[in-house]
Amino acid sequence: MNDNASPIDTAVLGVGSMGRHHARVYSELPDVNLVGVYDLDRDAAREVAADNGTRALPLDELLDATDAASIAVPTPYHAELAEACIDNGVDVLVEKPFVDDLDAGRALLDRAEAAGVTVQVGHVERFNPAVRALADIVADLDVIAVDAHRLGPPPEGRAVDESAVLDLMIHDIDVVLAMLDAEVADVSANGAKSNQYASANVRFDDGTLASFTASRVTQQRVRTLAITAEDCRVNVDYIDRSVEIHRHSLPEYIEDNGDVRYRHESIVERPTVETGEPLKNELESFVAAARGEREPVVSGEDGLRVLEVARRIDRVAGREAPEAEVSAR
């Protein structure tokens, strides 16, 4: 853990599409020193290092030089690199999904606790300004149901091996689990194209219902969340970072030149949503946790809980689970 009186040294392990952004943000944060990056693709590592005024270093040398690191490699290598960080006393942010094996994830958290190392999981939507605004709103609501849609093809140039559940839907599962003080009671789900399109219905033990739809085969980019509560409906758009609260819908019949028409009128509130890049918010939060100034917003335990629910949905929707997943049920 870093002495919070001095700048914190950071590193990025893996400089693919996401790791490049981690390196960029670290290089922009005040009181943060990006000491280096690492990737098996040495040319890519050197390119990202040059773009951000740092060095491409071998893994052992980089871990000896840093206080905190982001792991942004493919999921099967998360546990291996996180273990190396923990054994070197390096606080770590692991991109989602946290791990590809639940038992390995639990062992990692035990190892981190014994070493006094901070672990945060990279569920970046928690740091979306609209979701941050939503947290304050939901605290005063009696939530009945939640409906989430996350659709669209993957970004150009990004290879994705995971299902739409583990790559896309997992974001919304995390937001909903953080929002509700309840446990999952029942799951039903369906999928198509090896779960490149999947929908799920989740019932919580307090009676709240949540529906999730995720797709990597839909040619329109959609990122929305809707909450039905006793006295309002709250609509969140992740893309334009907006929140709308619809209250007091008043149905009435009106007469217009002898014609009777039916209409609804409602009050729509648009709370102020702060600006800011979600990834920057996330890495600022991680740096604060590494300094010991706060607990991680998305803990390792949070990462395991959402992964367990996502894997359950993936299985129920029809995608076969690898042996490592089956053993972790």
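We use all heavy atoms of the structure for the numbers below, so side chains are in, but hydrogens, waters and symmetry mates are not.
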* Asked: Would you say N128's side chain and Y238's backbone share a donor-acceptor pair under 3.5 angstrom?
  -> yes

* More than 12 non-hydrogen atoms from neighbouring residues, nucleotides or ligands closer than 6.0 Å to CD on E269, yes or no? -> yes

* Asked: From I71 CD1 over to Y38 OH, what is the distance, rounded to the nearest 0.5 angstrom?
  -> 11.5 Å

* Asked: Given R150, which of D172, D237, D174 fulfils the salt bridge (Lys or Arg N to Asp or Glu O under 4.0 Å) condition?
  -> D172

* Spacing of D60 atom CG and N88 atom CG [to the nearest 0.5 Å] -> 7.5 Å

* Charged N-O contact under 4.0 Å between D103 and R106 -> yes

* Structure fact -> When rounded to the nearest 0.5 Å, the distance separating CG of L93 from OG1 of T118 is 11.0 Å

* Which atom of I137 lies closest to which atom of P271, heavy atoms considered -> CD1-CG, 3.9 Å

* Within a reach of under 6.0 Å around CG of D181, are more than 12 heavy atoms found that belong to other residues, nucleotides or ligands? -> no

* Structure fact -> Rounded to the nearest 0.5 angstrom, the CG-OH distance for L40 and Y77 is 8.0 Å

* **Value rounded to 0.5 Å, distance of OG in S285 from CZ in R126** => 10.0 Å

* Which heavy atom in A23 sits nearest to a heavy atom in L34, and how many Å separate them? -> O-CD2, 3.5 Å

* Does T213 offer a backbone N or O that forms a donor-acceptor pair with the side chain of H149 under 3.5 Å? -> no

* Structure fact -> A11 and T66 have their tightest heavy-atom pair at N-OG1, 3.5 Å

* With no hydrogens and no angle check, is any side-chain donor or acceptor of S299 less than 3.5 Å from a backbone partner on P296? -> no

* **Note: K96-E125 ion pair, threshold 4.0 Å (strictly below)** => no

* Got more than 12 heavy atoms from elsewhere within 6.0 Å of CD, E28? -> yes

* Rounded distance [0.5 Å steps], NE2 in H78 versus CG in D100 -> 8.5 Å

* **Cluster link M169 to L209, ILVMFWY, side chain under 4.5 Å** => no

* **Passing option when V37 is tested against D51, L13, V15 for side chain to side chain contact (heavy atoms under 4.5 Å, CB included)** => V15

* Asked: Is there a chain of hydrophobic side chains (I, L, V, M, F, W, Y, each step under 4.5 Å between heavy atoms) that links L151 to V146?
  -> no

* Asked: Without hydrogens or angle criteria, can the side chains of N52 and T54 be said to hold a donor-acceptor pair below 3.5 Å?
  -> no

* **Verdict with supporting geometry, E95 and V124, side-chain contact (heavy atoms from CB on, under 4.5 Å)** => CA-CA 9 Å; E95 267 298 343; V124 71; 5.8 Å; no

* Considering only NZ, NE, NH1 and NH2 on the basic side and carboxylate oxygens on the acidic side, decide whether D43 and R46 come within less than 4.0 Å. => yes

* To do: List the steps, then state whether side-chain contact (heavy atoms from CB on, under 4.5 Å) holds for E47 with R20.
  => CA-CA 10 Å; E47 176 190 342; R20 290 170 180 261; 3.4 Å; yes

* **Worked check of side-chain contact (heavy atoms from CB on, under 4.5 Å) between L283 and F127** => CA-CA 10 Å; L283 295 188; F127 300 89; over 6 Å; no

* For V273 and A133, which heavy atoms make the closest approach, and how far apart are they? -> CG2-CB, 4.2 Å

* Asked: Where do E230 and L141 land on the side-chain contact (heavy atoms from CB on, under 4.5 Å) test, with the steps shown first?
  -> CA-CA 7 Å; E230 286 284 357; L141 298 182; over 6 Å; no

* Is any side-chain N of the basic residue among R305 and E183 closer than 4.0 Å to the acidic one's carboxylate O? -> yes

* Taking atom types as modelled, is there a side-chain donor on D147 or S211 under 3.5 Å from an acceptor on the other? -> yes

* Using modelled atom types only, decide if a donor and an acceptor are shared between the side chain of N195 and the backbone of D314 within a distance under 3.5 Å. => yes

* Residue Y197 excluded, over 12 heavy atoms near OH under 6.0 Å -> no

